[in-house]
Amino acid sequence: MERRVADGRTSDVPTPVTAPEATRPTRAGLAAGLGAFLIWGVLPLYFPLLEPAGPLEIIAHRVVWSLAFCLLLLVVTRTWGSFVAVLRRPRTVAVLGLAAVLLAVNWLVYVYGVLSDHVVDAALGYFVNPLVTVALAVLVLRERLRRVQWVALGFGAAAVVVITVGYGRLPWIALVLAASFGTYGLIKNRVGRAVPALPGFAVETVVLAPLALGYLLVLAAQGSGTFGAHGSWNAVALASAGVVTTVPLLLFNSAARRLPLSVVGLIQYVTPVLQFVIGVTVGHERMPVARWAGFGLVWVALVILTVDALSTARRGRVQAPAERTDAAVSA
């Protein structure tokens, strides 16, 4: 803190932040973001470890153990009060309940895709997700798109047509994943300013937990549940689904608070790139010409969106100092 004298008066003026101090939050945010997207990217290697549990049982365990882990974190981080406050707002709980349903659909389709050797389709879904987000901005938020964004959407639509016609079937796994996660993100964006990440996610799991727990109890009563029936390591792997689910979500929230949106938008492609590589190299999934052509169109669309977003952000940074300078001169 510096002391300055002006018109015979002294005032405290904050000392300029040094370079290391200014960049530390960005480095922490980048590490958190990369951690989240790397974990999500390697999940196709994790879910097969949970077999012979099927997709529904895996999702049920994912919900129940995520809730347990969230409740533990709420106590450790002393944010239990925020969680209770959200539960006392019925409208917010209803909105988060809708988000929870979309998230459950996304989880279920994703796990089904991984276990049925459609990891590449899952990767396509998360490549397409930014395009769906732009489309939702038009359809739901009534935003006006720039011409470049319309071109990107056109490439994305063409990609779906090419894959459907050339590959012989609609890539429904990719479309459901993109639509469910895009809509989930839209809802979270609307309520995110009023609901912190951990209490919000805890409420979502509370909404899903009764159905998930009931399903697991039915499986246990029928003797068809896999938890504890295939060795202790399988049981531990199923229980770890709570940690595997919650940690990347919290890392992503940390990154979103510390990084510019343009940076988050760029590093999010780590996830589908890893999924695509795993599907092709580990899963040996077929990549006929039509599929390559469809992915190529999607990648062109993403390049267009990314370049447009970066140029828009750059213009905003250039205009902001100029506006502050004009304001200072006029003052």
Side-chain angles (χ1 to χ4, degrees), residues 39-40 42-75 80 83-84 86-88 90 92-119 121-122 125 172-177 179-181 183-184 187-188 198-250:
I39 292 173
W40 282 330
V42 299
L43 283 182
L45 301 176
Y46 166 74
F47 287 119
L49 301 177
L50 308 184
E51 292 182 307
L56 272 175
E57 186 178 1
I58 290 174
I59 296 308
H61 277 290
R62 198 174 183 183
V63 170
V64 170
W65 294 110
S66 292
L67 176 58
F69 189 56
C70 281
L71 295 179
L72 175 63
L73 288 178
L74 287 171
V75 174
W80 187 268
F83 170 64
V84 174
V86 175
L87 287 176
R88 290 175 177 172
T92 301
V93 172
V95 174
L96 290 175
L98 177 59
V101 171
L102 289 167
L103 190 60
V105 170
N106 184 271
W107 286 355
L108 181 60
V109 173
Y110 180 77
V111 173
Y112 169 80
V114 170
L115 298 184
S116 61
D117 298 324
H118 288 91
V119 176
D121 279 347
W172 69 270
I173 292 176
L175 295 178
V176 172
L177 287 177
S180 59
F181 196 72
T183 309
Y184 173 79
I187 293 175
K188 294 290 284 186
L198 179 57
F201 182 60
V203 171
E204 292 169 30
T205 53
V206 164
V207 172
L208 297 174
L211 186 60
L213 184 58
Y215 179 73
L216 292 178
L217 291 175
V218 169
L219 289 181
Q222 294 176 344
S224 56
T226 62
F227 187 78
H230 298 274
S232 57
W233 281 113
N234 181 260
V236 170
L238 283 169
S240 68
V243 178
V244 171
T245 298
T246 307
V247 168
L249 282 171
L250 298 180

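Quick note: residue numbers are just sequence positions, from 1. Computed from a predicted structure; not experimentally measured.
Taking the six-membered ring for Trp and the full ring otherwise, the centers of Y110 and W107 sit at least 6.0 Å from each other.
At most 12 non-hydrogen atoms from other residues, nucleotides or ligands lie less than 6.0 angstrom from CG of L211.
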Distance-only donor-acceptor pairs under 3.5 Å for side chains of residues 52-73, two or more places apart:
unit_1: E57; atom_1: OE1; unit_2: T226; atom_2: OG1; d: 3.3
unit_1: E57; atom_1: OE2; unit_2: T226; atom_2: N; d: 2.9
unit_1: E57; atom_1: OE2; unit_2: T226; atom_2: OG1; d: 2.8
unit_1: H61; atom_1: ND1; unit_2: W65; atom_2: NE1; d: 3.2
unit_1: R62; atom_1: NE; unit_2: T245; atom_2: OG1; d: 2.6
unit_1: S66; atom_1: OG; unit_2: R62; atom_2: O; d: 2.5

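Residue pairs satisfying the salt bridge (Lys or Arg N to Asp or Glu O under 4.0 Å) criterion with at least one member in residues 200-211, sequence neighbours excluded, are listed as follows: K188-E204.
Under the 3.5 Å distance criterion, the side-chain polar atoms of T183 are left unmatched by any main-chain donor or acceptor of S180. Between the Y46 side chain and the A241 main chain, a donor and an acceptor come within less than 3.5 Å of each other.
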Could you go step by step and tell me if V244 and L43 meet the side-chain contact (heavy atoms from CB on, under 4.5 Å) rule? CA-CA 9 Å; V244 171; L43 283 182; 3.3 Å; yes

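Annotation for P48 and V114: closest pair CD-CG1, 4.0 Å, computed over non-hydrogen atoms. Of all non-hydrogen atoms in L208 and A100, the two that sit nearest each other are CD1-O, 3.6 Å. Residues V95 and I187 come closest through the heavy atom pair CG1-CG2, 3.4 Å. Closest approach of P248 and I39 over heavy atoms only: CG-CG2, 3.9 Å.
With contacts defined as side-chain heavy-atom distances shorter than 4.5 Å, the pair V176/V105 qualifies. You'll find the side chain of F201 reaches within 4.5 Å of the side chain of L103, heavy atoms only.
Rounded to the nearest 0.5 Å, atoms CG (L250) and CG (L198) are 5.5 Å apart.
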